[in-house]
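The structure under discussion appears below in the form of structure tokens.
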Amino acid sequence: MIWDPKHETMSRQEMRQLQTQRMIHAIQYCYDHSPFYHKRFQEIGLRPEQFKSLDDLKRIPFTVKADLRDNYPFGMFAVPQKRVVRIHASSGTTGKPTVVGYTQNDLEMWKDVMARLICATGVTDDDVAQVAFGYGMFTGALGLHNGLEKVGCAVVPASAGNTQRQLMMMQDFGTTVLIATPSYALYLAEAAEEAGLVMGKDLKLRVGLFGGEGHSDRMHQDLERRLGILATENYGLSEVLGPGVAGDCYCQCGMHINEDHFYPEIIDPDTEEVLPMGEEGELVLTAMTKEALPILRYRTKDITRLIEEPCKCGRTTLRMEKIHGRADDMLIIRGVNVFPTQIEEVLSKFPALGANYEIIVSRDGYLDKMEIKAELVDASLLERFAELEGLTRSVHDQLKAALLLDAKIRLVQPQSLKRFEGKAKRVTDLRNEKYLI
Ligand SMILES: [Zn+2]
């Protein structure tokens with residue numbers, strides 16, 4: 001079923017017309033209501049009436065995360081506080097968090113785009129959906145929650161953590177849809193296996209709606225096999241909305257973008273040039289219909305590519321590939337750019353390795369060193385030295401071929417690495433730690 005056939009199946013030409021209209025409106029709206037954008041337009045001498053087509057968009061400067069931080073907390077809001085009905089914030093690793101707000105209309109739009117994505121995965125009002133994201137300031141839990149209710153699911157707001165209770169509720173309530181980060185879902189799968197629960201009998205899960213972090217193809221397969229589900233991914237970020245920007249349909253061939261609300265561009269992160277359709281680069285999003293916090297050309301730092309070919313599901317919206325890496329997560333090791341996802345991709349080719357790994361970067365004198373710990377699937381391999389050494393060498397060589405870097409590989413006991421109930425932290429960078437003597 002398609003939730004909103006009018007917007008999800010319109011021709012490319014109709015979509016472009018609608019986007020042009022909405023973009024013109026968004027730019028006028030920002031000029032009239034957002035002191036931040038008004039000032040910015042004046043600085044570059046742009047008057048909203050000069051904006052006539054989507055091609056003029058490249059004249060608009062990018063918005064970056066620092067803009068939101070510098071205007072903490074409400075400096076980028078475009079409505080009086082009276083009209084704001086919800087506030088969320090993303091945790092800042094350094095300094096103040098990024099604060100976002102929503103009007104009543106924004107929340108309605110959010111529910112609607114979320115319902116489209118949920119519906120696209122095959123979830124219906126017959127489903128029982130357990131939300132294992134942490135509630136609170138994070139947009140993930142409430143974003144999914146409200147969309148699931150709109151579709152008509154019975155929503156279980158379990159929140160994150162307390163794995164045994166999660167499993168108990170899944171059994172007792174007959175949960176069919178799991179909402180979690182992929183790493184926590186995998187942790188739940190391990191816990192279910194340990195408790196001797198049988199998929200399809202004790203647990204009735206059939207669909208996973210995963211987000212909050214990316215996952216490799218291997219992790220995807222693991223999730224589908226171990227939980228007996230269709231594992232789908234959805235994408236969003238609080239600065240632009242929260243979840244609801246894009247998501248997999250049941251065909252799992254790229255995430256459909258709700259592009260009547262969020263206009264996507266792909267740029268070269270270094271030159272900031274807009275790249276042609278299909279090329280890989282940084283995703284830039286404009287939220288064209290938001291009232292409380294309109295945002296123009298937001299640099300997401302996420303690396304992906306867009307797909308224009310029509311999808312088998314019947315939707316005609318552009319799709320985006322799963323995130324290939326984050327410009328922010330990029331490590332520079334001995335002058336070489338490395339994305340953790342590249343390492344994950346190599347590790348995932350070894351069936352003897354599990355889905356959990358850790359990357360530790362340190363410095364010896366002036367030389368960067370990288371160590372990768374990966375979990376084995378079978379603990380007995382640790383006693384078969386020749387085999388273990390062979391496997392270690394082959395992981396080392398394949399990583400070297402892919403990254404052009406030497407890394408120390410340490411294969412460890414199954415389930416010995418730290419587990420995360422939220423977003424997994426894969427990288428420990430010790431290079432900037434002060435030495436304590
Ligand atoms: Zn599709």
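What you see below is based on every heavy atom in this structure, not just the backbone, and it leaves out hydrogens, waters and symmetry mates. In listed order, ligands and their atoms are each counted from 1. Keep in mind that what you see is a predicted model, and the values were worked out from it rather than measured.
- In this structure, Phe138 has its ring center under 6.0 Å from that of Phe133.
- Here the options are Thr181, Leu186, Leu223, Ile179, the test is side chain to side chain contact (heavy atoms under 4.5 Å, CB included), and the partner is Phe210; only Leu223 passes.
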- Query: Please walk me through it: do Asp248 and Arg315 pass salt bridge (charged side-chain N to carboxylate O under 4.0 Å, His left out)?
  - Reply: CA-CA 11 Å; Asp248 277 331; Arg315 289 171 186 79; over 6 Å; no
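- With no hydrogens or angles considered, a side-chain donor-acceptor pair links His261 and Thr289 at under 3.5 Å.
- Of the residues Arg116, His7, Glu8, the one that meets the side-chain hydrogen bond (donor to acceptor under 3.5 Å, both in side chains) test with Asn258 is Arg116.
- Remark: Tyr102 engages no residue in a side-chain hydrogen bond (donor to acceptor under 3.5 Å, both in side chains) (not counting sequence neighbours).
- Legend: protein N/O/S atoms lying under 2.8 Å from the Zn ion (ligand 1), waters omitted, number 4.
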